[in-house]
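To start, the structure itself, in structure tokens.
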Number of protein chains: 2
Amino acid sequence: MQQESERRSNRDRTEATRADLIRAARKLFTENSYAETGTPEIVAEAGVTRGALYHHFADKQALFAAVVEQEAAAVAGEIDHASPPSLSARDALIAGSDAYLKAMRAPGRTRLLLLDGPAVLGRAAMDEIDNRHGNRSLREGLVAAMRAQAMIRLPVEALTALLAAAFDRAALAIEAGASGEDYRAVLIALMDGLSPAPPPSKRPAPSR
Amino acid sequence: MQQESERRSNRDRTEATRADLIRAARKLFTENSYAETGTPEIVAEAGVTRGALYHHFADKQALFAAVVEQEAAAVAGEIDHASPPSLSARDALIAGSDAYLKAMRAPGRTRLLLLDGPAVLGRAAMDEIDNRHGNRSLREGLVAAMRAQAMIRLPVEALTALLAAAFDRAALAIEAGASGEDYRAVLIALMDGLSPAPPPSKRPAPSR
DNA sequence: TTGTTGCATACATGCAGCCTGTATGTTATT
DNA sequence: AATAACATACAGGCTGCATGTATGCAACAA
């Protein structure tokens, strides 16, 4: 007799195996680091062999990129879910900030997305991923704030990148045991500092 | 007969060999990445054998840490040199910022200090190094600005870390080809935003 | 002072284990 | 039958350690 429940289409097989590999890799990459996790360990956790891994991914780095991509999308999802468009510009930014910091508390996420990610894939590749996921909502929030006259006009790309960097560092510091309140307060102060100064004292904005 | 110029004290030998190894490692770690640089390559560049390397350093990571330490000190030196205490608080911060961005243009420094460093040594170890070198002058500048009433009072550690993170990201972006003017403008706007603005209901602003 | 003796330091060499990527073989799907 | 999805075997390289060797050094002796 032939095993009846084992018959799966090729597409299903591929999807299942890829998902198993990504899940196993995510688990091990977050528990330990990228460098400390070997492909033998990953395939053992996934229940396949190294042949399957190298059939579906070009190399270990490509598997890592898939994990990062998935994790970045998950973080972005949590942020979008937490900052509905009904809020004011400032409130939306703060809600998004809190959601980001909360999302990054998931164990190992900071190392995966903020330490190993840039080092393994390079900053350019990470920026590309971030711009499709996490940074997107931040940039939209900043543009909305500028449109609503709640924020001075600045180069949007640069501002997005630098604020995102500050958020990233805050997430790392908080995970390392720093005061979340302190970091949150500074982040909000940095953003509030960009609100347009009231008319009486005209502040020298970077005119160009 | 024994060649007299070959006779060196043990301390001289150690110093010279360590310096050769660090110099070679710095060259290769900045040209390529930490992971892509093997110890055989390093010792060949330094003109010694792997035995010498493992005699002076516990492992490859320890050699890397020595390189990072030296490079961080070099950057801090350039910053201190460029921002004399004669400047006003705000001017000192801007001069320091420019000096930092300029120092980080040295080829490979961003990868060494901002990508590989945190990933290989961990953020905690990098913070410890930064706090002894680069971040120190930044924190002092911020404290001075707060004392001079040129900046609102915020948790100093958190503010230093977040601004440093923004500087780091700016250095990476500029190296990647982004507009240095844009990033400089945003960095200055972020710092200027922390000056005590006179809101309609709050404290009187110190005129300057 | 000079020479000798004993030990510590500074390396060089060889080995063991692991890992990555690929090439080849086998099984399941179409 | 052809192709995709795997499994297995292999080659090359790298890291860390263990062992071997030469050089510096300190103390003591003559």
Side-chain angles (χ1 to χ4, degrees), chain A residues 1-25 27-29 31-68 116 119-122, chain B residues 1-25 27-29 31-67 116 119-121:
Chain A
M1 74 186 198
Q2 55 203 8
Q3 55 281 40
E4 72 293 356
S5 67
E6 282 297 346
R7 173 129 192 155
R8 294 180 300 172
S9 80
N10 261 351
R11 215 188 41 182
D12 287 349
R13 285 215 297 170
T14 291
E15 260 177 51
T17 302
R18 279 185 61 103
D20 284 345
L21 281 168
I22 291 178
R23 193 177 315 127
K27 171 172 157 57
L28 296 170
F29 284 152
E31 282 177 4
N32 308 310
S33 74
Y34 173 79
E36 288 163 0
T37 305
T39 54
E41 201 182 348
I42 296 172
V43 298
E45 172 77 27
V48 297
T49 64
R50 282 167 28 86
L53 194 167
Y54 281 91
H55 177 73
H56 288 290
F57 297 93
D59 52 15
K60 183 185 169 187
Q61 185 173 323
L63 172 58
F64 179 76
V67 173
V68 167
D116 284 347
V120 173
L121 304 176
Chain B
M1 73 182 195
Q2 53 201 11
Q3 55 280 45
E4 73 292 349
S5 68
E6 281 296 348
R7 172 130 189 153
R8 293 181 302 173
S9 80
N10 263 348
R11 216 187 39 180
D12 286 350
R13 287 214 298 170
T14 291
E15 262 177 48
T17 302
R18 279 185 61 103
D20 284 345
L21 282 168
I22 291 178
R23 192 178 314 126
K27 172 172 156 60
L28 295 170
F29 285 153
E31 282 177 5
N32 308 312
S33 73
Y34 173 80
E36 287 163 1
T37 305
T39 53
E41 200 182 348
I42 296 172
V43 298
E45 172 77 28
V48 296
T49 64
R50 298 184 59 251
L53 194 166
Y54 281 91
H55 177 73
H56 288 289
F57 297 93
D59 52 15
K60 183 184 168 188
Q61 185 173 322
L63 172 59
F64 179 76
V67 173
D116 284 347
V120 173
L121 304 177

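Every chain is numbered from 1, with letters handed out A, B, ... down the list of sequences.
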**OP:** Kindly compute the distance separating CD1 (B/Ile22) from OG1 (B/Thr17), expressed to the nearest 0.5 Å.
**Re:** 11.0 Å
Subject >> Contact residues, residues 41-49 of chain B to DNA chain C [heavy atom, < 4.0 Å] >> reply: B/Val48, B/Thr49
What N/O pairs connect the protein and nucleotides 2-5 of chain D at under 3.5 Å? Give each pair on its own line.
{"unit_1": "D/dA5", "atom_1": "OP1", "unit_2": "A/Thr14", "atom_2": "OG1", "d": "2.5"}
{"unit_1": "D/dA5", "atom_1": "OP2", "unit_2": "A/His55", "atom_2": "NE2", "d": "3.2"}
{"unit_1": "D/dA5", "atom_1": "O4'", "unit_2": "A/Arg13", "atom_2": "NH2", "d": "3.0"}

**OP:** Please round to the nearest 0.5 Å and tell me the distance separating atom CD of A/Glu36 and atom CG of A/Asp116.
**Re:** 9.0 Å
**OP:** To the nearest Å, give me how far apart CG (B/Leu53) and P (C/dC11) are.
**Re:** 11 Å
**OP:** For each nucleotide in nucleotides 12-20 of chain D, reading 5' to 3', give B when a protein heavy atom comes within less than 4.0 Å of its base, S when such contact involves only the sugar-phosphate, and - otherwise.
**Re:** ---BB----
**OP:** Could you tell me the separation between the CD atom of A/Glu15 and the P atom of D/dC6, rounded to a whole number of Å?
**Re:** 12 Å
Report all side-chain donor-acceptor pairs from residues 41-57 of chain A shorter than 3.5 Å, counting only partners two or more places apart or in another chain.
{"unit_1": "A/Thr49", "atom_1": "OG1", "unit_2": "A/Gly51", "atom_2": "N", "d": "3.4"}
{"unit_1": "A/Arg50", "atom_1": "NH1", "unit_2": "A/Thr39", "atom_2": "OG1", "d": "2.7"}

Subject >> With B/Glu31 via salt bridge (charged side-chain N to carboxylate O under 4.0 Å, His left out) - residues at least two apart >> reply: B/Lys27
Original post:
According to the interplanar angle, ranging from 0 to 90°, do the rings of B/Phe29 and B/Phe64 count as parallel (below 30°), tilted (30 to 60°) or perpendicular (above 60°)?
Top reply: perpendicular
**OP:** Check A/Ala62 against A/Ala58 and note the closest heavy-atom contact, atom names and distance.
**Re:** CB-N, 3.9 Å
Original post:
With sequence neighbours left out, what residues match A/Arg23 under salt bridge (charged side-chain N to carboxylate O under 4.0 Å, His left out)?
Top reply: A/Asp20
